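First up is the structure itself, then whatever we jot down about it.
Proteins get letters first, then strands, A, B, ... in listed order; numbering begins at 1 in each. No experiment lies behind these values; they were computed from the predicted model shown.
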Protein chains: 2
Amino acid sequence: MNFTTSEENHIKCIYHLQQVTGLVNTNSLAAEMQTRPASVTDMLKKLKAKKLLHYERYKGFKLNEAGKKAALDVVRKHRLWEFFLVEKLKFDWDKVHPIAEELEHINSAELIQRLDNFLGNPSFDPHGDPIPDKHGKIPVINQQNLSTVTLKKMLTVSSVTNQSVQMLEMLKHYNITLGSQLMVLKKFEFDESLEIKVLKQSPCIISEQVAKNVFVQYV
Amino acid sequence: MNFTTSEENHIKCIYHLQQVTGLVNTNSLAAEMQTRPASVTDMLKKLKAKKLLHYERYKGFKLNEAGKKAALDVVRKHRLWEFFLVEKLKFDWDKVHPIAEELEHINSAELIQRLDNFLGNPSFDPHGDPIPDKHGKIPVINQQNLSTVTLKKMLTVSSVTNQSVQMLEMLKHYNITLGSQLMVLKKFEFDESLEIKVLKQSPCIISEQVAKNVFVQYV
DNA sequence: TATTATTTTTAGATTTGTCTAAATTTATTT
DNA sequence: AAATAAATTTAGACAAATCTAAAAATAATA
Ligand SMILES: [Mn+2]
Ligand SMILES: [Mn+2]
Ligand SMILES: [Mn+2]
Ligand SMILES: [Mn+2]
């Protein structure tokens with residue numbers, strides 16, 4: 001089936017929310033979409049008519065299989081374009097989201113398939129988020145939040161959830177990028193900050209706020 | 001200023017029509033846009049309000065300087081994306097138009113600048129049409145229609161105006177692509193067909209219909 | 001449990017882009 | 001010049017996506 005840009009944006013947003021909460025409610029979707037609860041209700045009726053979600057009024061909603069498939073298709077396009085923008089056009093990672101937010105709505109299966117091949121069928125976008133394949137299959141990643149990790153074990157940075165300029169600035173300062181190797185030396189109970197050692201650099205301290213946005217894998 | 005997708009499509013279409021006719025009229029724009037004359041009139045009011053064209057009702061219309069600038073910006077984006085699709089994603093040239101028709105509406109000056117650089121600042125799109133630079137400047141080309149050319153002079157194919165699968169099939173059969181070298185040996189008065197010799201191939205005959213869509217430069 | 005607060009939906013309006021049918025203007029023929 | 005034809009515009013309608021304000025349902029609290 002074919003969806004409008006607005007429908008695709010809503011579907012994708014519901015998908016992300018239901019990953020966290022299971023069932024999604026009207027106000028949270030409205031907040032996330034920067035729109036009004038009344039507008040969300042309108043859209044829910046359309047998406048229900050297209051049989052993309054389970055929805056009973058006043059009771060919350062979530063995507064069914066068809067809805068999840070549609071969401072993953074948009075996510076795939078979004079992340080492939082982000083990869084293109086960073087790897088080929090040399091954008092900084094904090095600039096690509098709004099552009100990918102538009103590119104993801106270009107509908108051409110052949111375009112995306114060719115783009116995927118051109119990019120070398122990448123598995124992760126520039127933020128470390130997995131890129132679903134054309135069937136909606138997502139590579140499994142065994143990652144863990146940096147703030148919950150065992151001390152003195154070697155780690156690799158696999159993704160970063162906050163993708164703002166500010167975050168990029170911080171990570172650049174610490175010389176951390178996706179794939180960086182590091183180890184947590186100590187956790188300070190006072191403010192939950194961490195002393196870490198990035199490979200080939202002297203130890204430094206990062207705040208709990210930073211740590212909570214960084215995900216890692218054990219090497 | 002920022003324009004809607006529909007506005008951009010209309011502006012671009014007016015630009016192409018006025019290249020040929022000077023002044024454009026409602027019916028031709030409606031025909032070209034596959035829409036209704038009444039819808040064109042509606043759009044003209046909007047574009048006039050945005051000060052993009054000279055328009056007096058019942059008298060025809062044409063873009064002013066601001067309108068031409070806006071049109072060239074869309075043309076630039078369209079042709080850069082077409083170049084990307086053919087050169088990088090290996091699309092056949094007859095498949096790229098509808099996709100570029102959508103990509104051209106992604107609005108990000110930085111995206112287009114980076115794309116332009118990534119592609120090596122090309123001057124011509126896959127159909128041989130010139131790509132305006134970011135100021136709207138178009139490379140001058142001294143090309144001539146193949147059907148009006150001097151006999152027995154060496155020529156280079158510089159552009160092809162019909163971009164259908166059918167045309168691509170014909171040209172592939174004759175082994176002609178952009179940049180091919182050829183020479184017209186004889187013009188048959190009976191049906192205006194041409195005997196041509198493509199470099200390294202034996203002479204053959206092409207119809208007037210084909211010739212009229214092929215533009216060349218003297219070597 | 002009754003009252004109050006929060007969440008969600010409905011009712012009705014607005015904007016954009018399009019359409020059809022009818023009216024108007026301009027162009028072309030007798 | 002009058003009649004006819006063609007082009008163009010207007011009037012009024014509709015669908016999509018959004019909004020505000022009010023009503024209804026549900027949740028939280030006294
Ligand atoms: Mn989007
Ligand atoms: Mn991303
Ligand atoms: Mn377009
Ligand atoms: Mn082209």
Is a salt bridge present between Glu208(B) and Lys212(B), judged by a nitrogen-to-oxygen distance below 4.0 Å?
->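 Answer for the salt bridge query: yes.
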So does Lys95(B) pair up with Glu110(A), basic N to acidic O under 4.0 Å?
->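 Not counted as a salt bridge, because no side-chain N and carboxylate O are separated by less than 4.0 Å.
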Indicate whether any N or O donor in one side chain lies under 3.5 Å from an N or O acceptor in the other, for Asn213(B) and Thr161(B).
->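 The answer is yes; a qualifying pair exists.
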Any side-chain donor paired with an acceptor under 3.5 Å for His78(A) and Asp125(A)?
->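 There is no such pair (donor and acceptor under 3.5 Å, judged by atom type) between the side chains of His78(A) and Asp125(A).
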Measure distances between side-chain N and O atoms of Tyr58(B) and base N and O atoms of dT24(C), and say whether any donor-acceptor pair falls under 3.5 Å.
->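 Such a pair exists between side chain and base.
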Would you tell me if any nitrogen or oxygen in the side chain of [X] comes within less than 4.0 Å of OP1 or OP2 on [N]?
X        : N       : value
Tyr55(B) : dT8(D)  : no
Asn27(A) : dT6(C)  : no
Thr41(A) : dT8(C)  : no
Lys59(A) : dT8(C)  : no
Arg57(A) : dT10(C) : yes
Lys46(B) : dG17(C) : yes
Thr35(A) : dT18(D) : no

Would a 4.5 Å heavy-atom cut-off, applied to side chains only, mark Val184(B) and Val216(B) as touching?
->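 Not touching, per the 4.5 Å side-chain cut-off.
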Closest to the Arg36(A) side chain, choosing from dC19(D), dT10(D), dT18(D) =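 The nucleotide sitting nearest to the side chain is dC19(D).
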Which nucleotide in the list dT20(D), dT9(C), dC19(C) gets nearest to the side chain of Leu44(A)?
->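 Nearest listed nucleotide: dT9(C).
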Using a heavy-atom distance cut-off of less than 4.0 Å, which residues of residues 2-26 of chain A contact DNA chain D?
->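 By residue number: Thr4(A), Ser6(A), His10(A).
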Is the backbone N or O of Leu89(A) less than 3.5 Å from a side-chain atom of Arg114(B), with the two atoms forming a donor-acceptor pair by type?
->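 Between the backbone of Leu89(A) and the side chain of Arg114(B) there is a qualifying donor-acceptor contact (under 3.5 Å).
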Whole-Å distance separating the CG atom of Asp42(A) from the C1' atom of dA13(C) |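 Value for this atom pair: 12 Å.
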